[in-house]
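See below for the structure under consideration.
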Amino acid sequence: MKKEVYYQYYVEGESEKCLINALKTKLRCIVPGKVERFNVIQDIFNNSRLRSLKTGTNIILVYDTDTNDIANLRKNIAFLKKQTAIANVFCIPQVYNLEQELVFSCDIRRAGELTQCQTIKDFKRTFIACTNIDVRLKKCRFSMDRLWSRIPENNFCVFGNDSKQIRIHPEHLQDDVHK
């Protein structure tokens, strides 16, 4: 019998949550899983937050790297790796933040072009409210191969980049259709 595999995403903010939901459902380019807001750079995990995890859960930490303070991330990873329910901890750095990742992975000069807005504050608000993120990404020639593809050139480089662990390649999608 095949063992169940579960994925739990922890992301910094609501914008990342919206992006990951679009990537896993509409675009089907990352593994499906639950998405929860939790800033692993600022906050520390505790047992009560992890109580509902099923045995064999893979944890995916998506975080910004626009700071050099890695102390909390280091503590969080060590804590997570000690938990018996957790199978793996995958680190996905955003160089330097979500907006920069979107610029790098799309054919745009600034993130606001995705939502036709001028300021970062407006971008976050309109991105979160957007119901067709997948369509907007496609219009901007989004490349999943470029999203989360870099290793930060600061203190965060020690954690690497595990984004390949959650990517779904198009050939696997076709296999799923025929099963």
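Note that the numbering runs from 1 along the sequence shown for the chain.
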Fill in: Distance, nearest 0.5 Å, that separates CD of Q165 from CD1 of I60
10.0 Å
Worksheet item: Quick check: does any side chain N or O of K17 sit under 3.5 Å from a backbone N or O of V11, one acting as donor and the other as acceptor?
Response: no
Fill in: side-chain contact (heavy atoms from CB on, under 4.5 Å) between V135 and L137, worked out
CA-CA 5 Å; V135 172; L137 288 170; over 6 Å; no
Worksheet item: CZ/F79 to CG/N46 distance, rounded to the nearest 0.5 angstrom?
Response: 6.5 Å
Item to complete: May I ask you to check whether over 12 heavy atoms, not counting those of Q116, lie within 6.0 Å of atom CD?
Response: yes
Practice prompt. Would you mind checking if K124 and E99 are paired as a salt bridge, meaning a charged N to carboxylate O distance below 4.0 Å?
Written response: yes
Worksheet item: Are the side chain of R136 and the backbone N or O of F127 linked by a donor-acceptor pair below 3.5 Å?
Response: no
Discussion item. Rounded at 0.5 Å granularity, tell me how far CG in L19 sits from CG in L114.
Written reply: 9.5 Å
Worksheet item: Are L102 and V62 connected in the hydrophobic side-chain network, where two residues link if heavy atoms are under 4.5 Å apart?
Response: yes
Response to the item:
Value for CD1 (I30) from CE (M144), rounded to nearest 0.5 Å, stands at 6.0 Å
Discussion item. Distance check, rounded to the nearest 0.5 Å: N132 atom CG versus D134 atom CG?
Written reply: 6.5 Å
Discussion item. Between N88 and Y7, is the side-chain contact (heavy atoms from CB on, under 4.5 Å) condition met? List the steps.
Written reply: CA-CA 9 Å; N88 298 292; Y7 292 89; over 6 Å; no
Worksheet item: L61 and F38: side-chain contact (heavy atoms from CB on, under 4.5 Å), yes or no, with the steps?
Response: CA-CA 9 Å; L61 306 176; F38 185 81; over 6 Å; no
Item to complete: Give, for atom CD1 of I151 and atom SG of C91, the distance between the pair rounded to the nearest 0.5 Å.
Response: 11.0 Å
Worksheet entry | Test item: N58 side-chain N/O and A87 main-chain N/O as donor-acceptor pair under 3.5 Å | no
Worksheet entry | Heavy-atom closest pair, residues C130 and I133 | SG-N, 3.6 Å
Atom pairs and distances, side-chain donor-acceptor, residues 70-78, under 3.5 Å, sequence neighbours left out:
residue : atom : partner : partner atom : Å
N72     : ND2  : I41     : O            : 3.2
N72     : ND2  : Q42     : O            : 3.1
N76     : OD1  : F45     : N            : 2.8
N76     : ND2  : V40     : O            : 2.9
N76     : ND2  : D43     : O            : 2.8
N76     : ND2  : N72     : O            : 3.2

Item to complete: Look at the side-chain heavy atoms of Ile, Leu, Val, Met, Phe, Trp and Tyr, link any pair under 4.5 Å apart, and say whether F159 and I166 land in one connected group.
Response: no
Practice prompt. Check whether any side-chain N or O of E101 sits under 3.5 Å from a backbone N or O of W148 as a donor-acceptor pair, and report yes or no.
Written response: yes
Worksheet item: Can any side-chain N or O of E113 pair as donor or acceptor with the backbone N or O of R110 at less than 3.5 Å?
Response: yes
Item to complete: Please examine the side chains of I108 and F142, heavy atoms only from C-beta on, and report whether any two atoms are closer than 4.5 Å.
Response: no
Discussion item. Are I86 and Y63 connected into the same hydrophobic cluster when the rule is that any two of I, L, V, M, F, W, Y join if their side-chain heavy atoms are below 4.5 Å apart?
Written reply: yes
Worksheet entry | Same apolar cluster (I L V M F W Y, side chains within < 4.5 Å links), I59/V35 | no
Worksheet entry | Test side-chain hydrogen bond (donor to acceptor under 3.5 Å, both in side chains) applied to N47 and R51, step by step | CA-CA 6 Å; N47 288 326; R51 215 169 298 228; over 6 Å; no
Worksheet item: What pair of heavy atoms forms the shortest contact from D162 to V89, and how long is it?
Response: OD2-O, 4.0 Å
Fill in: Stepwise side-chain hydrogen bond (donor to acceptor under 3.5 Å, both in side chains) check, E12 with Q94
CA-CA 10 Å; E12 183 176 310; Q94 298 188 124; 5.6 Å; no
Worksheet, complete the sentence: On a heavy-atom basis, the closest approach of T65 and P93 is CG2-CB, 3.7 Å
Worksheet entry | Criterion side-chain contact (heavy atoms from CB on, under 4.5 Å) on L147 and L23, from CA distance to verdict | CA-CA 11 Å; L147 182 71; L23 292 175; 3.6 Å; yes
Worksheet item: Does any N or O in the side chain of E16 come within less than 3.5 Å of the main-chain N or O of G13, such that one atom is a donor and the other an acceptor?
Response: yes
Fill in: Hydrophobic cluster membership, I20 vs V5, 4.5 Å side-chain cutoff
yes
Practice prompt. Identify the two heavy atoms, one from V103 and one from R109, that lie closest to each other, and give their separation to 0.1 Å.
Written response: CG1-O, 3.9 Å
Worksheet item: Which pair of non-hydrogen atoms, one from N97 and one from D64, has the smallest distance, and what is that distance?
Response: CA-OD1, 3.4 Å
Practice prompt. Any chance you could lay out the side-chain hydrogen bond (donor to acceptor under 3.5 Å, both in side chains) test for S163 and N161, step after step, and finish with the verdict?
Written response: CA-CA 6 Å; S163 65; N161 184 329; 3.1 Å; yes
Worksheet entry | Six-ring centre of F104, R150 cation under 6.0 angstrom, axis tolerance 45° | yes
Worksheet item: So which heavy atom on S15 is nearest to which on L98, and how close?
Response: CB-CD2, 3.4 Å
